[in-house]
Amino acid sequence: MTMDRRDFVRAGGTLAAGAAIVPIIQACKLESRRDLADEGFVQVRDRYFRDQLTLNPVTSTYLGGDGWDRALRPLNGRLRDYSPGALDDEAREYRRLERALGTLDAALLTPQGRVDHAVMGAQIAFLKSQLERSYHERAVDTYVSEPFRGVDWQIQQMRAFPDGKRGDEAEWRLVVTRMSVIPAYLAVAQQNLTAGLSAGNVPDRRMVQRDGIAGSRANATYFRATLPALAKEHLGGQAFAGSMLGGVAGAGEAAARAFENFAAWLERTFRLNETTDRFALGESAYQLRVRTVLRDERPVSELYEYGARQVEEYTQRIAEVAERLARERGITLPFGSREDRAWSIRRVMEDLAGESPSNDDELLRWYRETGERAVAYGRDRGLFDVPADYQLEIVPTPPVLRSTIDAAYYPAPPLKRTGVGRFYLTPTGNDPAALREHPHASVADTAVHEGFPGHDWHFKYMTQHASEISNIRWLTPGAVEDSSSMWSDSMATEGWGLYAEELMAEPAPQAPHGFYSPAEYLYELQGQLLRAARVRIDIGLHTRRMTFDEAMDYFTEHVNFYPGACARADREPAARAVCEGAMRAIYRYSKWPTQAITYNLGKNAIVGLREADRSRKGAAHSQREFHERFMRMGTIPPGFFRDVLLGA
């Protein structure tokens, strides 16, 4: 299997060793020696971080754990051990570590140490709760996505050679080793899901169908055909290429068969035609995540109403811009009533959709050109100190990730210097109706969010300053971007991405909408509206205030301005494209509780911090300097470091 149970007991001993630090810390309390207190805590923190990478090898690959410690390199050949014995050991260690952490007096730590202490406490609380609710018994998407992502990230990080080849013999051997454990990994997954069925701890049918069955079949194609072809291209004529290609093909075929069998088992075992919704997290668990993980003290009921107010605010602003655009384009439209407003906004967007790409290749080109324009604007306006060699890579989304992604960014590993961040853009399959949902004016907002100065710039800046960001601020507890994830990193990263959209819209000389044209600004506002609607929808879904179908109708009406789109989908191609887009969005929210709300909450937390900094410093406030200090805090919710950032 991926990791022998005894290996974890030995590794877990380092967690237990945290308790040995307690007498040192208590002595520090008596002597008020902050330096020793910090040193003791750092030992506990670093052991915890190492053990988290050991337990979660794909997370280690994602972060570049072997760049932090070369001894972790063998983890790139493993997958997580989800066997019952391993999970029982893990649960005991979290309980023990939680007690040890509670004995440390955070007041003795430096300000940054207190931040890390709070972050670590939140992470352990989440991980413990996941095991207590036996989430591994229903984590279908985790089991399907982890093997693909682990291998994909390995290849992304490989050494690049001048002749175009990628990866040395040791790197490719680890790929083959990781592929070879996939059949055993999926066998354990099947055992856990069977236990969940017996206990009534059942995944939602949509996850079984989309991520489980469809995702497994996409993985089978990837490991059987796509990956061997990629390996052949990257290996070229290197001396070890022949034997390594044989290894890739053999392990790939075994992995493909395992995924095909897993898909067939899911299809036989789960009721895909049932009508029961099984995605809701529940109000108390949702509230706990908001307060503990995202560091927002507002009650869920208050946030639900806040979401509705944010939706109305951005809808009104969109209507004002749409009305001006309609006049400029010679279109007479009514905006008096709510119904008129929705259809008139849609009519303006339909007019803009006339300038849509003819195919997926043109869509990709538009994104690349707009990304270059955004970087040039940032340089010209002096928003950031952008290096001359700064580059943004935009590539088609891999098939296995297309069920929930329209566009997304995956960073290079922050703990080492190899690899490049990827901006994924999902092709439409050259569907004319779907292409019309990507008019030229809509490209700028997404390019800014995922590229510059959004995710790509954010991660590259943080990586440049990685020595100032403690290790656990990079950690993504539970998993990387699937339903097992903690998602606390989204408050900073997705909050920054949405903040970047708004930042680029700030008026500048001769540019009332900043970087955007008036038509592009309309879509920037729609981007803000989308993230506001997510607050309402995500809370609604997971606290049972809203059904899946109600969420889809809310989305099509308030985000797409197409009321009743799903009811019209059978007879109207445009309605079908809108409805399918809503389905992907709502499905994503249904399986990732609290992730969808992090965009809006994170952005507004950054705005609040910026304005508080401006208020405290007055004329001495520098927006650029504020941004740099914020980014150097790492990928944790702003609520953890507000006082430190403001110097309170």
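In what follows, every heavy atom counts, from backbone to side chain, and hydrogens, waters and symmetry copies are set aside.
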- Item | Tyr286 and Asp538: side chain donor to acceptor below 3.5 Å | yes

- Message: Is it the case that the side chain of Gln157 and the backbone of Gly64 share a donor-acceptor pair, with hydrogens and angles ignored and the cut-off at 3.5 Å?
- Response: no

- Query: Considering all heavy atoms of both residues, which atom of Ala505 and which atom of Tyr521 are nearest to each other, and what is their separation?
  - Reply: CB-CE1, 3.9 Å

- Query: Between Arg289 and His542, is any pair of side-chain heavy atoms under 4.5 Å apart?
  - Reply: no

- Message: Between His449 (side chain only) and Gly497 (backbone N and O only), is there a donor and an acceptor less than 3.5 Å apart?
- Response: yes

- Is there a side chain to side chain contact (heavy atoms under 4.5 Å, CB included) between Met633 and Leu645 once you walk through the steps? CA-CA 8 Å; Met633 289 293 170; Leu645 189 73; 3.9 Å; yes

- Message: Between Arg206 and Asp277, does any NZ, NE, NH1 or NH2 come within less than 4.0 Å of an OD or OE carboxylate oxygen?
- Response: yes

- Query: For the atom pair OG1 (Thr493) and NE2 (His458), what is the distance rounded to the nearest 0.5 Å?
  - Reply: 7.0 Å

- Query: Under 3.5 Å, is there a donor-acceptor pair linking the side chains of Tyr48 and Gln123?
  - Reply: yes

- Hey, can you tell me if Trp496 and His627 have their rings parallel, tilted or perpendicular (30° and 60° cut-offs)? perpendicular

- Phe148 and its ring-ring contact (aromatic ring centres under 6.0 Å, His included) partner, picked from Tyr143, Trp153, Tyr222: Tyr222

- Is the backbone of Thr635 close enough, under 3.5 Å, to the side chain of Arg473 for a donor and an acceptor to pair up by distance? no

- Query: If every non-hydrogen atom of Met491 is compared with every non-hydrogen atom of Leu294, which pair is closest and at what distance?
  - Reply: CG-CD2, 3.5 Å

- Message: Is any side-chain heavy atom of Arg210 closer than 4.5 Å to one of Arg584?
- Response: yes

- Is the backbone of Tyr409 close enough, under 3.5 Å, to the side chain of Glu450 for a donor and an acceptor to pair up by distance? yes

- Could you tell me the separation between the CG atom of Asp613 and the CD atom of Glu625, rounded to the nearest 0.5 Å? 6.5 Å

- Message: Could you check whether Glu502 pairs with Arg610 (Lys NZ or Arg NE/NH1/NH2 to Asp/Glu carboxylate O, under 4.0 Å)?
- Response: no

- Query: Does the side chain to side chain contact (heavy atoms under 4.5 Å, CB included) test come out yes or no for Asp456 and Phe423, once each step is laid out?
  - Reply: CA-CA 8 Å; Asp456 190 69; Phe423 178 165; over 6 Å; no

- Message: Run the side-chain hydrogen bond (donor to acceptor under 3.5 Å, both in side chains) test on Tyr94 and Glu90 for me, step by step, so that the C-alpha distance in whole Å, both residues' side-chain angles and the decisive distance to 0.1 Å come before the verdict.
- Response: CA-CA 6 Å; Tyr94 290 142; Glu90 190 177 339; 2.6 Å; yes

- Task: Return the minimal non-hydrogen interatomic distance between Pro427 and Thr397, and the atom names on each side.
- Result: CD-N, 4.2 Å

- Message: As a test of understanding, state which of Leu131, Leu55, Asp81 forms a side chain to side chain contact (heavy atoms under 4.5 Å, CB included) with Leu87.
- Response: Leu131

- Side-chain contact, heavy-atom cut-off 4.5 Å: Tyr523 with Thr446? no

- Message: With no hydrogens and no angle check, just 3.5 Å: does a side-chain donor-acceptor pair link Tyr185 and Arg80?
- Response: no

- Could you tell me whether Arg309 and Glu313 have a side-chain N and a carboxylate O separated by less than 4.0 Å? no

- Would a line drawn from the ring center of Tyr390 to the ring center of Trp457 be shorter than 6.0 Å? yes

- Are Leu503 and Gln623 close enough that some pair of their side-chain heavy atoms sits under 4.5 Å apart? yes

- Query: Is any side-chain heavy atom of Phe561 less than 4.5 Å from a side-chain heavy atom of Val578?
  - Reply: no

- Any idea how Phe555 and Tyr589 line up, ring-wise: parallel (<30°), tilted (30 to 60°), or perpendicular (>60°)? tilted

- Side-chain donor-acceptor pair under 3.5 Å between Gln528 and Glu524, yes or no? yes

- Heavy-atom pair of closest approach, residues Asn56 and Gly478: OD1-O, 4.0 Å

- Query: Under a 4.0 Å N-O cut-off, is there an ion pair linking Glu550 with Arg545?
  - Reply: no

- Task: Examine Tyr587 together with Phe548 and report whether their ring centres are nearer than 6.0 Å.
- Result: no

- Query: Is a salt bridge present between Lys591 and Asp204, judged by a nitrogen-to-oxygen distance below 4.0 Å?
  - Reply: no

- State whether a side-chain donor-acceptor pair under 3.5 Å links Asp116 with Ser470. yes

- Please report the C-alpha distance between Leu75 and Thr61 in whole Å, then the side-chain angles of each, then the deciding distance to 0.1 Å, and finally whether the side chain to side chain contact (heavy atoms under 4.5 Å, CB included) criterion is met. CA-CA 8 Å; Leu75 295 178; Thr61 300; 5.9 Å; no

- Query: When rounded to the nearest 0.5 angstrom, what is the spacing between NE2 in His558 and CD1 in Ile537?
  - Reply: 8.5 Å

- Query: Could you give the distance from CD1 (Ile318) to CG (Leu529), rounded to the nearest 0.5 Å?
  - Reply: 4.5 Å

- Query: Can you find a side-chain donor-acceptor pair between Asn604 and Tyr306 that sits under 3.5 Å?
  - Reply: yes

- Query: Are Phe515 and Val448 side-chain neighbours, meaning at least one heavy-atom pair lies under 4.5 Å?
  - Reply: yes

- Any idea which heavy atoms bring Leu109 and Arg114 closest together, and the distance? O-NH1, 2.7 Å

- Quick check: does any side chain N or O of Arg531 sit under 3.5 Å from a backbone N or O of Lys603, one acting as donor and the other as acceptor? no

- Task: Would you confirm whether Gln287, through its side chain, and Arg298, through its main-chain N or O, come within 3.5 Å as a donor-acceptor pair?
- Result: yes

- Message: side-chain hydrogen bond (donor to acceptor under 3.5 Å, both in side chains) for Tyr135 and Ser483? Distances and angles first, verdict last.
- Response: CA-CA 9 Å; Tyr135 189 71; Ser483 66; 2.5 Å; yes

- Flag, side chain of Ser485 to backbone of Ala479, donor-acceptor distance under 3.5 Å: yes

- Would you call Arg317 and Tyr314 a side-chain contact if the rule is heavy atoms closer than 4.5 Å? yes

- Output yes when a side-chain donor or acceptor of Arg536 lies under 3.5 Å from a complementary backbone atom of Ala532, and no otherwise. no

- Message: Please determine whether side chain to side chain contact (heavy atoms under 4.5 Å, CB included) holds for the pair Val119 and Phe641, giving the CA-CA distance in whole Å, both sets of side-chain angles, and the decisive distance to 0.1 Å.
- Response: CA-CA 10 Å; Val119 168; Phe641 57 78; over 6 Å; no

- Message: Quick one, Tyr410 and Val395 - any side-chain contact, counting heavy atoms below 4.5 Å?
- Response: no

- Check whether any side-chain N or O of Ser615 sits under 3.5 Å from a backbone N or O of Glu611 as a donor-acceptor pair, and report yes or no. no

- Task: Rounded to the nearest 0.5 Å, what's the gap from CZ on Arg544 to CZ on Phe279? Could you check?
- Result: 9.0 Å

- Residues Asn201 and Ser134: closest non-hydrogen pair is ND2-O, 2.9 Å

- Query: Could you give the distance from CG (Leu525) to CG (Leu530), rounded to the nearest 0.5 Å?
  - Reply: 12.5 Å

- Task: Test Asp482 against Thr142 for side-chain hydrogen bond (donor to acceptor under 3.5 Å, both in side chains), laying out the working first.
- Result: CA-CA 6 Å; Asp482 59 45; Thr142 302; 3.0 Å; yes

- Task: Mark yes or no for whether Glu520, through its side chain, and Val443, through its backbone, hold a donor-acceptor pair below 3.5 Å.
- Result: no

